[in-house]
Amino acid sequence: MPDDPAATAPTRAGALDEVPRLRAEQISKSFSGVQALSQVSLDIRAGEVLALLGENGAGKSTLLRVLSGDHHPDSGSLLLDGTAVRFGSPVEARRAGVRVIQQEPEIVQHVSVAENIYLGALPRRGRILDRRALFARVRADLQRYGFTAVLDPAEMGSQLSPAQRQLVEVLRALTSRVKVIAFDEPTSSLSDHEVEALFGLIRRLRGEGVAIVYVSHRMPEIFTIADRVAVLRDGRNVGERRVSETENDELVRMMVGRDLTDMFVRTPANPGSPAQVVLELSGLDTDDVHDISLQVRAGEVVGLGGLVGAGRSELAHAIAGGVPIHSGSVTVSGRPIRLRAPADALRAGIGFAPEDRKVQALLLHRTIRDNISLAILSRLSRMRIVRRKEERDIAKRFVRQLSIRTPTIEQVVGNLSGGNQQKVVLARWLAHRPKVLILDEPTRGVDVGAKAEIYSIINNLAEDGMALLVISSELPELLGLSDRILVMQRGRITGELPRDEASEERVLALAMADEQSPTGGTA
Amino acid sequence: MTQTDDRELPAAAAATKAHAVSPARRVLDVIGVQNISLIIALVLLCSGIGWKNSNFFLFSNIKTIGTTVAIVGILAVVQTVVMLLGGLDISVGSAAGLTSVASAMVFTSTSSAALGIGVALVVGLAVGLFNGLVIVYGRVNAVIATLATYAGFRGLANLISNGRAQGYTGTDSTFIFLARGSALGIPILIWVFIVVALAVHLMLRYTDIGRNIYAMGGNPTAARLAGININRYVVGCYVLAGVIAAVAGILLTARTGSGQPTSGSQGLELQSITAAALGGVALQGGKGGIPGTVLAVVLLGVLQNGLTVLSVNSFWQDIAQGALLVLAVVIQQRRRGIRAYGLPR
């Protein structure tokens, strides 16, 4: 892309007058002939938050893995405090003080938080675990970093929320004299107040002189927390900016190499003629959600807002027949349906793309074709024999229609990027031709370009008369997509906002309506 | 999110390869890379044994290998189905013993081979149904459930037969046909193996049932949300395992001329799991297929026969079988690029 103004050489302001804590120099790495990183350089400085930005496939995660010793670069070098280092494994990197916080940290389920934190370095007296010393140490650590209210040292690993899990992982790092700490999209499973707590911690670490790398897709976070931002595209350095000297549009341009002026193309349904109600719930009650009544009309996108844990995903699972319903009714196009299993929901015309596509939706070892046809196999079969030509045609059609980037429909889904995987999930449900489509966090872990595409797919579906229920924790997305927003809190709907009255503040206000303290901690 | 940058890379790698699909590549795709190594091992083994003793290649010897592996072969085929689903059936050997006894006892008291065979199949169906119901509705882990029935069915077989061989089927034409008959020069035992393997292979590959089995093994949550009735499939697969175990039991009765509660069927469960694992079926489900399992069955049969032909101490045969399995799985894991940390899956 020679004509791209953003694709200039990295500006390395201030790089000359100090030795960076960790310097990556001309790192190249290829996998089976494909260049993942080519001559990428990066300076990570003590007491600074460096944001690493780039679309999926830009090379961010590969770079993090090189830094953490998980991958060995083909060429190039790492310099820790000016000395060349070579990490043979993540363990060696950790010993040297370089640590990557994974999004889903490994937590031992059946032992306490304290033991999880000091895993591998438990205080002992002889061969006997010194529990008293362990707990005293952990309490002191929690005190020091201000997390006494959010983390109980005696709690079991299995009881922890995603935020608490990350906290445990961070504390593991902190208790082992960390020099460089990298966060790989830490906020993707956190609620807003948890994000605030995490940012507080990052600021404190910065104050203590730790060098911090912060990877995120969420632009506002980068402006909140980072000092400097480095952008990667296609495995190369695109540029570096001081956060105070750049703006959102410029960074997006650098990431995608094109302008993304209007991500949200939602053209709201014609308000003059109220369409037919497709999905209607009344008084729905399950283990996790209570007294839910709502309507979704044909051609309408209804957004479900709320904090993480407010019961939105649980509601979605209930409508999709995934969990038992205690009372209340579900009606599709005026016909009441009995939901005992997901098959019942499918038959009634309800499609559901769940939140965690890898765990709940995809057959990662199977092909795109297998994944797209999964929910329509019986319809595709004649006398139980799957009609393979029709199957291929359908897969090909959706690959084209949703612009899933792949050389062939026989590609294994695990090899696709997050955005393309999400489109495969969408394709599965579109192939089923549902009347109602429930999308739980449809753009989570998806890069900017694919996000815009998914928004336009959603918009087109609504224009074609489908009824859509979309759950999103990203407020701009929720506001941009929805004709109407329902806000949930603690398993109940606490309010409804039409598109023109909705704002981030109003959604948040409803989401936290009667909560005493937003942190909701154990204090 | 967990989607990492390098996930996209193999896709791109495939993109570059897709431009030039060589005929060799296509053949490889049909057979599968996994099976190629089995074929290579088989060829090496055959030429090695044949070089030492040319009698190995005699048609009569090949028939011997075929009839020896037929019974364990059909059990390995059905074990493959259960394992693809993410389960395991340790009770197939015991079920074969139980149905063997049942077929012989019914035959003895009614002198009807058809009735004996019919009852054996019904017993097989019942034991499979029992396994499936315990697993699905008792929510018992498949290994534990079939470990329990492994002991239970064996005990039942010994109980009804007083622990002794039952009846004599060696004079009945149907059983003689099954044991020693042949069609087109190929023994009936081998035909049964071929038919069972082919039927299951076609089911797995071309029907929605097969595709749903792979889907369930690969991701049960996704399969359920896609409307697949998981419980029905689990029960169905264990019923199939029971019925096929009954077929094995009937063949066992025919071969030995009597209903055998223990001898002949003991150890078949482990041999069938060995063959499936050697053939590339993943224990966590969703990966593998009948061609791999059949190749592995043949490989194990050839190994056993070859060592016998070379008059190697039979204890060495067990060691060789074990070594082969470890070696094969280690190679599989290496190929998949499994990293050497954490507990193996």
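Quick note: numbers below take in every heavy atom, side chains included, and nothing from hydrogens, waters or symmetry partners.
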Q: Report the distance from atom CG of D344(A) to atom CG of N229(B), rounding to the nearest 0.5 Å.
A: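 Separation between the atoms: 9.5 Å.
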Q: List the atom of A222(B), the atom of A361(A), and the distance in Å for their closest heavy-atom pair.
A: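 It is CB-O, 3.1 Å.
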Q: Report the distance from atom CG of N219(B) to atom CG of L364(A), rounding to the nearest 0.5 Å.
A: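 Result: 7.0 Å between the selected atoms.
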Q: Around atom CZ of F130(B), are there more than 12 heavy atoms from other residues, nucleotides or ligands closer than 6.0 Å?
A: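 Open.
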Q: Can you tell me how far the CD atom of Q360(A) sits from the CG atom of L225(B), to the nearest 0.5 Å?
A: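 That separation rounds to 6.5 Å.
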Q: Tell me, do I228(B) and L377(A) make a side-chain contact under 4.5 Å, heavy atoms counted?
A: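 I228(B) vs L377(A): side chains apart.
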Q: With a 4.5 angstrom heavy-atom cut-off, could you sort out which part of D370(A) is near chain B: side chain, backbone, both or neither?
A: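 Backbone plus side chain of D370(A), per the 4.5 Å heavy-atom cut-off to chain B.
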Q: Regarding S373(A) and R211(B), is there a side-chain donor-to-acceptor distance under 3.5 Å anywhere?
A: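 A pair is found: one side chain offers a donor N or O, the other an acceptor, under 3.5 Å apart.
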Q: In Å, rounded to the nearest 0.5 Å, how long is the span from CG of L362(A) to OG1 of T221(B)?
A: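 Spacing of CG (L362(A)) from OG1 (T221(B)) equals 11.5 Å.
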Q: On a heavy-atom basis, which atom in G227(B) and which in A343(A) lie closest, and how many Å separate them?
A: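 Closest pair (atom of G227(B), atom of A343(A), distance): O-CB, 3.4 Å.
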Q: Minimum heavy-atom separation for R224(B) to G321(A), with atom names?
A: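 Where R224(B) meets G321(A) most closely, the heavy atoms are NH2-O, 4.1 Å.
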Q: Check each atom of H432(A) against the heavy atoms of chain B and say whether the ones under 4.5 Å are side chain, backbone, both or neither.
A: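 Neither; nothing under 4.5 Å.
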Q: Under the side-chain contact (heavy atoms from CB on, under 4.5 Å) test against Y206(B), which residue among R384(A), R387(A), R388(A) passes?
A: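 With Y206(B) as partner, R384(A), R387(A), R388(A) yield a single side-chain contact (heavy atoms from CB on, under 4.5 Å), made by R388(A).
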Q: Pairs of donor and acceptor atoms involving the side chains of residues 230-245 of chain B, under 3.5 Å and at least two apart or interchain, shall be tabulated with distances.
A:
| from | atom 1 | to | atom 2 | distance (Å) |
| --- | --- | --- | --- | --- |
| Y233(B) | OH | N212(B) | ND2 | 3.0 |
| Y238(B) | OH | L88(B) | N | 3.3 |
| Y238(B) | OH | L88(B) | O | 3.1 |

Q: Under 4.5 Å heavy-atom distance to chain B, tell me which part of E441(A) shows up: side chain, backbone, both or neither.
A: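 When you check distances to chain B, no heavy atom of E441(A) falls under 4.5 Å.
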Q: If you take all heavy atoms of A223(B) and L374(A), which pair is closest and at what distance?
A: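 What the structure gives for the nearest pair is CA-CD2, 4.5 Å.
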Q: Below 4.5 Å from any heavy atom of chain B, which atoms of I385(A) appear? Answer side chain, backbone, both or neither.
A: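 Contact with chain B is through both the backbone and side chain of I385(A).
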Q: Checking heavy atoms, do the side chain of S381(A), its backbone, both or neither come under 4.5 Å from chain B?
A: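 The answer is the side chain of S381(A).
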Q: Using non-hydrogen atoms and a 4.5 Å limit, figure out which bit of V91(A) sits close to chain B: side chain, backbone, both or neither.
A: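 Nothing of V91(A), per the 4.5 Å heavy-atom cut-off to chain B.
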Q: Counting only heavy atoms not in R379(A) (residues, nucleotides, ligands), do more than 12 fall under 6.0 Å from its CZ?
A: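 Correct, the count exceeds 12.
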